[in-house]
There are 2 protein chains.
Amino acid sequence: MTEPRWLDAAQQRDWRAFVDGSVRLTEIMDRDLKSRHGLSVSEYEILVRLSEAPQRQLRMAELAENASQSRSRLSHTCSRLESKGLVKRDSCPNDKRGVYAQLTDQGFTALERAARDHVETVRTYFIDVIEPQDLEAVGRAFAMVLKRLGPTT
Amino acid sequence: MTEPRWLDAAQQRDWRAFVDGSVRLTEIMDRDLKSRHGLSVSEYEILVRLSEAPQRQLRMAELAENASQSRSRLSHTCSRLESKGLVKRDSCPNDKRGVYAQLTDQGFTALERAARDHVETVRTYFIDVIEPQDLEAVGRAFAMVLKRLGPTT
DNA sequence: CCAACCTAGTTGATGCTTCAACTATTCCTT
DNA sequence: AAGGAATAGTTGAAGCATCAACTAGGTTGG
């Protein structure tokens, strides 16, 4: 067994700041969206990706990849969104195994409303408290992390 | 209703990189710790904080604050850790409402083993792929976020 | 053309998180 | 010193995530 390369004090400080900060941040986003709009962050993410897709629809697998969720989780979440009337599922003509998730008009409206509040929260607790150059660095850093992680399994 | 101040393209890119990256990162940490050591990230965090405390023990409230968890969640998680023999709870002499969470020797050993693997994962997917100055910026950024969020409610 | 294999998506069981309600103790105010 | 308010921690129910198992449709090589 090789000796682990421990983090130095600064690396540890930075890593922990990220871990704690991101936990707390997601928590507040979640509570905010849920209390004001009855949506969890992962439901919100799904609506966002769909709203940006052509025809506001995407294949399940593509959507899962896009929203960094497992297919299983997406299936469950989609069922909930469907029962709220925000999304509906259609079978795919070309590939009979395939399913399209489609944002409904009601879903689009709900997203519009939620996004207004959400962006405020993102600003208040993230964008507006971080120095612009640090924000760019955060972007670069996590882009590298994503590259290293590769596509969702 | 005031018009929301939307994020510009760069801000949106950076924010999303963070959201996606942190989701994926936590996921892999969790799977890694769970498969190799049977610990979730939040269990691991608790063990870490306890190991650093004087006498390897902390009051529940302090531990919750420290590990960015709600008291309720900590209670549940602690029960699981206790049933695994990694932690034990003692009542506090001064304050009869209070409870100390105490890391057992077995818990310390388990943590030592887990930490070796964990630090490797953190390096592989985070520390080693980020430019050192970007890492510092990430640290600064999330320190500001934490400051803005204030203490755990 | 068919057998083995691969991909798309769902399902149900299990386990973790959240929320609100609860007990027990201590603090504070008068 | 009494009564109300605040604090410490736990509990159970409900909701959400994860995993493995499953159906069903497509793909490929002999």
Side-chain angles (χ1 to χ4, degrees), chain A residues 22-24 26-36 38-46 57-84 87-102 151-153, chain B residues 22-24 26-36 38-46 57-84 87-102 151-153:
Chain A
S22 65
V23 166
R24 300 279 315 277
T26 342
E27 220 171 63
I28 208 167
M29 300 287 155
D30 222 35
R31 246 200 288 270
D32 197 71
L33 273 174
K34 216 170 282 173
S35 66
R36 300 206 217 178
L39 290 172
S40 69
V41 165
S42 60
E43 290 174 329
Y44 179 82
E45 289 295 326
I46 288 173
Q57 65 175 15
L58 279 175
R59 286 287 294 270
M60 293 297 277
E62 219 171 339
L63 181 52
E65 170 68 34
N66 233 305
S68 299
Q69 298 193 6
S70 72
R71 292 179 183 198
S72 167
R73 179 173 168 186
L74 179 61
S75 260
H76 287 296
T77 310
C78 250
S79 303
R80 269 175 261 130
L81 286 171
E82 212 170 5
S83 73
K84 292 184 195 176
V87 162
K88 79 183 176 43
R89 277 182 279 202
D90 300 308
S91 58
C92 174
N94 318 338
D95 186 342
K96 284 180 191 165
R97 297 167 304 179
V99 170
Y100 277 108
Q102 161 88 46
T152 320
T153 34
Chain B
S22 66
V23 166
R24 299 279 315 277
T26 344
E27 220 170 63
I28 207 167
M29 300 287 156
D30 222 37
R31 245 198 289 269
D32 198 71
L33 275 174
K34 216 170 284 174
S35 66
R36 299 207 219 178
L39 290 172
S40 68
V41 166
S42 60
E43 290 174 328
Y44 179 82
E45 289 293 328
I46 288 172
Q57 64 175 15
L58 279 175
R59 287 287 296 270
M60 293 297 276
E62 219 172 339
L63 181 51
E65 170 68 33
N66 233 306
S68 300
Q69 297 192 8
S70 73
R71 292 180 182 196
S72 168
R73 180 173 167 184
L74 178 62
S75 260
H76 287 296
T77 309
C78 249
S79 302
R80 269 175 264 131
L81 286 171
E82 213 171 5
S83 73
K84 292 184 195 175
V87 161
K88 79 182 175 44
R89 276 182 279 202
D90 299 308
S91 58
C92 173
N94 319 338
D95 185 342
K96 285 180 191 165
R97 296 168 304 180
V99 171
Y100 277 108
Q102 162 87 48
T152 321
T153 34

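Sequence lines set the chain letters: A, B, ... in the order given, protein chains first and strands last, and positions in each chain run from 1. No hydrogens, no waters, no symmetry mates; every other heavy atom, side chains included, goes into these values.
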Any [X] side-chain nitrogen or oxygen under 4.0 Å from OP1 or OP2 of [N]:
X        : N       : value
Arg59(A) : dG9(C)  : yes
Arg31(B) : dT18(D) : no
Arg89(B) : dG9(D)  : no
Arg80(A) : dA17(D) : yes

Begin with the C-alpha distance, continue with both residues' side-chain angles, and end with the deciding distance and a verdict on side chain to side chain contact (heavy atoms under 4.5 Å, CB included) for Ser75(A) and Arg71(A). CA-CA 6 Å; Ser75(A) 260; Arg71(A) 292 179 183 198; over 6 Å; no

Counting side-chain heavy atoms from CB outward, which of [options] is closest to [X]?
X        : options                   : answer
Ser75(A) : dT10(D), dG26(D), dT11(C) : dT11(C)
Ala61(A) : dG26(D), dG9(C), dG9(D)   : dG9(C)
Met60(B) : dG9(D), dC19(C), dT25(C)  : dG9(D)
Arg73(B) : dA8(D), dT17(C), dT10(C)  : dT17(C)
Lys96(A) : dT11(C), dG25(D), dC19(C) : dG25(D)

Mind listing the closest non-hydrogen atom pair of [X] and [Y] along with its distance?
X        : Y        : value
Leu63(B) : Ile46(B) : CD2-CG2, 3.9 Å
Lys84(B) : Gly38(B) : NZ-O, 3.0 Å
Arg73(A) : Gln69(A) : CG-OE1, 3.8 Å

The helix from dC1(C)-dG30(D) to dT30(C)-dA1(D): angle between end helix axes, five pairs per end, rounded to 10 degrees: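 Rounded to the nearest 10 degrees, the bend comes out at 30°.
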
Rounded to whole angstrom units, what separation is found between the [atom1] atom of [X] and the [atom2] atom of [N]?
X        : N       : atom1 : atom2 : answer
Gln69(A) : dG9(C)  : CD    : P     : 14 Å
Glu65(A) : dT7(C)  : CD    : C1'   : 15 Å
Glu45(A) : dA17(D) : CD    : P     : 12 Å
Met29(A) : dT17(C) : CE    : C1'   : 19 Å
Glu27(A) : dT17(C) : CD    : C1'   : 10 Å
Leu33(A) : dT18(C) : CG    : P     : 15 Å
Ile46(B) : dC16(C) : CD1   : C1'   : 12 Å
Asp32(B) : dC19(D) : CG    : P     : 12 Å

Is the side chain of Glu43(A) donor-acceptor paired with the backbone N or O of Leu81(A) at a distance under 3.5 Å, no angle test?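 Absent.
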
Dump the intermediate steps for side chain to side chain contact (heavy atoms under 4.5 Å, CB included) on Glu45(B) and Val23(A), then the final yes or no. CA-CA 12 Å; Glu45(B) 289 293 328; Val23(A) 166; over 6 Å; no

Decide side chain to side chain contact (heavy atoms under 4.5 Å, CB included) for Asp30(A) and Ser40(A); before the verdict, give the C-alpha distance in whole Å, the side-chain angles of both, and the deciding distance to 0.1 Å. CA-CA 6 Å; Asp30(A) 222 35; Ser40(A) 69; 4.1 Å; yes

Could you tell me whether [X] contacts a base, only the sugar-phosphate backbone, or nothing, with contacts defined as non-hydrogen atoms closer than 4.0 Å?
X        : value
Thr77(B) : sugar-phosphate
Asn94(A) : sugar-phosphate
Ser70(B) : nothing
Ser79(B) : nothing

Here's a test of your reading of the structure: between Glu43(B) and Lys34(A), which maps to the more 5' nucleotide of DNA chain C?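 Between the two, 5'-proximity favours Glu43(B).
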
Suppose we call a contact any N or O donor and acceptor under 3.5 Å apart; does that hold for the side chain of [X] and the base of [N]?
X        : N       : answer
Arg97(A) : dT7(C)  : yes
His76(A) : dG9(C)  : no
Ser72(B) : dT11(D) : yes

Do Arg59(B) and Tyr100(B) have side chains that approach each other closer than 4.5 Å (heavy atoms only, starting at C-beta)?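 Arg59(B) reaches Tyr100(B) side chain to side chain.
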
Leu74(B) vs Asp30(B), nearer the 5' end of DNA chain D by closest nucleotide: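 In this pair, the answer is Leu74(B).
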
Interatomic distance, Met60(B) atom CE to Cys92(B) atom SG [nearest 0.5 angstrom]: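 Spacing of CE (Met60(B)) from SG (Cys92(B)) equals 12.5 Å.
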
